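Excluded from the calculations below are hydrogen atoms, water molecules and symmetry mates; all remaining heavy atoms, backbone and side chain alike, are included. Being a predicted model, the structure only gives us computed values, none of them experimental.
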Amino acid sequence: MNKITAAITAVGGYVPDYVLTNQELEKLVDTTNDWILTRTGISERRILKGEGKGTSDLCVPVALEICKKRGITPEEIDLLIVATVTPDMTFPATANVVTDKIGAKNAFGFDISAACSGFLYALDTGARFIESGRYKKVMVIGADKMSSIIDYTDRTTCIIFGDGAGGVLLEPNTEGYGLIDSILKSDGHGREYLHMKAGGSVKPASIETVTNREHYVYQEGKMVFKYAVSNMSEAAKNLMDRNNLNSGDIAWLVPHQANKRIISATSQYINVPDEKVMMNIQRYGNTTAGTIPLCLWDYEKQLKKGDNLIMAAFGGGFTWGASYIKWAYDGDKVGK
C-alpha cells in the first residue's frame with residue numbers, strides 16, 4: 001500500500017473591499033509613504049469594516065470558494081482548522097462559527113493560535129488527520145482581522161498589518177504529492193518582544209487595561225526583525241537540506257509577508273531568485289496567519305503539478321517554521 005500524503009487540491013482567498021493606503025496613514029500618525037515603502041514594502045492594506053464583522057466573516061468566502069472550485073458541498077468537509085490570533089470571541093472556536101455559517105454539518109473544527117506561523121502549524125496538523133486515513137477532506141484556513149487589535153496611533157505597528165484570509169483543501173494522495181515535510185519551532189522567550197499585554201488570564205480586561213491601551217499588538221521591531229531573518233532562513237535551509245533539495249529544485253518560495261526586507265533576506269539565504277518568490281505584501285500588508293495561503297491564492301494560476309514549494313514563516317511568541325509541498329495540480333486549469 002502506497003503511503004498516504006495530504007495534497008492541496010483547492011485554494012481560496014478573501015480580502016475586504018476597504019483599502020487603507022499609506023497616504024491615509026500619513027494623516028493618522030507621524031509617518032510618510034516613502035518611509036513605509038522603504039522599510040516594509042507595503043503600499044496598502046485591506047480593512048474589514050462593518051458592525052459585528054469578525055474573522056469568521058473573512059473565512060466564510062474562502063471556504064465557499066474552495067468548495068466551489070473543488071466541486072464539493074460544505075457537508076462533505078470532515079474537519080475545519082482555522083489559524084488565527086483574532087478569533088471572533090474567546091470561545092467558541094472561530095472554526096466552529098465558520099462551520100455553522102457555511103453549513104458544514106458533518107465537520108468538527110478547532111482553532112490554532114501561533115500568530116504568523118499559524119497557517120504552517122495548522123497545515124501540518126491537518127495533514128496528520130489525512131495521513132491517518134480516517135478523514136478525506138480537511139480544510140485549513142489562515143485568517144486574521146488584525147485591525148481589531150492594532151493601535152492606529154502607534155506608527156510602529158499600524159503601518160504593517162491588514163485583514164485577510166486564505167485557505168486550502170487537503171485530500172489523500174498516494175502519488176507523492178502534497179505536504180512532504182515540515183520543520184516547526186517555538187521559543188516562548190520571544191514573547192517579551194511581540195505580544196498583547198492584556199486580555200488573557202494573567203491580566204484580564206479591566207478599565208485600567210483599556211485606558212492604558214493594553215489590548216493592542218506590542219512589538220519591539222528591531223528584535224523581531226533580527227530573529228525573523230535568522231530563524232525563517234535557517235528553517236527553510238534545514239528543510240531543503242533534509243530533503244536533498246537545492247535552489248534549482250525549488251519552483252517557488254512562499255514566505256510569510258511580514259516585511260519585504262525579511263522576505264529578501266530569506267530568499268537570498270537559500271539562493272532562490274526574486275522571480276521565484278511569491279510576494280503580495282505591497283497590496284495586503286501583513287495579514288498574520290493569512291499571508292501564506294493568500295500568496296497561494298494569488299499565484300495559483302502559475303503553479304504546475306509537481307512544483308516544489310518551500311513555505312516559511314515567523315511569528316510572535318516566537319513561532320517559526322518551514323514546510324515542503326509538492327504541488328498536486330496545474331493551477332491554470334482552475335477557474336477563479
Side-chain angles (χ1 to χ4, degrees), residues 8 10-25 28 36-37 40-69 80 82-88 94-95 97-98 101-102 115-116 118-120 122-123 139-150 152 157-169 217 254-260 263 277-303 311 313 315 331 334-336:
I8 293 175
V11 179
Y14 174 77
V15 289
D17 294 332
Y18 185 87
V19 179
L20 177 60
T21 64
N22 290 349
Q23 287 74 22
E24 286 184 77
L25 285 173
L28 297 176
I36 298 171
L37 272 176
T40 69
I42 302 169
S43 296
E44 58 188 41
R45 65 290 292 148
R46 302 298 184 95
I47 304 297
L48 182 63
K49 297 280 190 175
E51 188 71 26
K53 295 288 186 179
T55 296
S56 66
D57 297 295
L58 298 170
C59 296
V60 166
V62 173
L64 294 178
E65 180 185 4
I66 290 172
C67 288
K68 182 179 179 181
K69 281 183 174 178
L80 173 65
V82 173
T84 186
V85 290
T86 56
D88 282 18
T94 300
V97 177
V98 177
K101 287 185 175 181
I102 67 174
C116 299
F119 180 75
L120 293 189
L123 184 71
M139 190 175 288
V140 178
I141 297 177
D144 275 296
K145 184 187 175 184
M146 292 304 294
S147 62
S148 67
I149 57 171
I150 293 299
Y152 285 93
T157 56
C158 73
I159 65 170
I160 299 170
F161 294 96
D163 302 339
V168 300
L169 183 68
V217 172
V254 193
H256 168 53
Q257 308 288 297
N259 179 300
K260 187 177 180 181
I263 294 170
V277 180
M278 294 189 186
M279 189 164 69
N280 55 21
I281 189 174
Q282 66 277 14
R283 292 185 290 127
Y284 305 145
N286 181 350
T287 56
T288 305
T291 66
I292 287 177
L294 277 172
C295 279
L296 296 177
W297 180 60
D298 271 350
Y299 284 79
E300 182 184 21
K301 289 189 179 300
Q302 298 183 54
L303 295 173
M311 305 175 180
V334 178
K336 202 162 189 178

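- Counting heavy atoms from C-beta outward, V217 and M146 have side chains that approach closer than 4.5 Å.
- Under a 3.5 Å cut-off, the side chain of Y152 and the backbone N or O of L25 do not form any donor-acceptor pair.
- Rounding to the nearest 0.5 angstrom, the gap separating the CG atom in L123 from the CD1 atom in I141 is 12.5 Å.
- No donor-acceptor distance shorter than 3.5 angstrom exists from the side chain of K145 to the backbone of S56, with no hydrogens or angles considered.
- Using a 4.5 Å cut-off on side-chain heavy atoms (C-beta onward), I159 and I42 make no contact.
- Looking at every heavy atom in both residues, Y284 comes nearest to R45 through O-CB, 3.4 Å.
- Between L20 atom CG and L28 atom CG the span is 7.0 Å, to the nearest 0.5 Å.
- D163 places a side-chain N or O within donor-acceptor distance of the main-chain N or O of S147, the cut-off being under 3.5 Å.
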| message | Would M278 and L303 count as a side-chain contact (heavy atoms from CB on, under 4.5 Å) here? Give the steps. | response | CA-CA 11 Å; M278 294 189 186; L303 295 173; 3.6 Å; yes
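- The OG atom of S43 sits 4.5 Å away from the CG atom of L37 when rounded to the nearest 0.5 Å.
- Distance check: N259 CG to N286 CG gives 9.0 Å after rounding to the nearest 0.5 Å.
- Counting heavy-atom neighbours within 6.0 Å of K53 NZ, excluding the residue itself, gives a total of 12 or less.
- Across A165 and C59, no two heavy atoms sit closer than the pair CB-N, 4.4 Å.
- K101 has a carboxylate O that lies under 4.0 Å from a charged side-chain N of D57, or vice versa, which qualifies the two as a salt bridge.
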| Run the side-chain contact (heavy atoms from CB on, under 4.5 Å) check on D298 and R283 step by step: do they pass? | CA-CA 11 Å; D298 271 350; R283 292 185 290 127; 2.7 Å; yes
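- Contact detail for G54 and L48: the closest heavy-atom pair is O-CD2, 3.5 Å.
- Taking OG1 of T288 as the reference point, atom CD1 of I149 lies at 6.5 Å (rounded to 0.5 Å).
- In this structure, T94 contributes its side chain and D88 its backbone to a donor-acceptor pair below 3.5 Å.
- Taking each heavy atom of V254 and C295 in turn, the nearest pair found is CG1-CB, 3.8 Å.
- Annotation: the span from Q282 atom CD to Q257 atom CD amounts to 7.5 Å, rounded to 0.5 Å.
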| Where do V168 and F119 land on the side-chain contact (heavy atoms from CB on, under 4.5 Å) test, with the steps shown first? | CA-CA 10 Å; V168 300; F119 180 75; 4.1 Å; yes
| Yes or no on side-chain hydrogen bond (donor to acceptor under 3.5 Å, both in side chains) for D144 and T287, after CA distance, side-chain angles and deciding distance? | CA-CA 6 Å; D144 275 296; T287 56; over 6 Å; no
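- Remark: the backbone N or O of T86 is paired with a side-chain donor or acceptor of T55 at under 3.5 angstrom.
- A heavy-atom distance below 4.5 Å is not found between the side chains of K69 and L169.
- Not a single donor-acceptor pair under 3.5 Å links the side chain of T291 to the backbone N or O of H256.
- Between A63 and I102, the shortest heavy-atom contact is CB-CD1, 3.9 Å.
- Heavy-atom minimum distance, P293 versus G167: CB-N, 3.6 Å.
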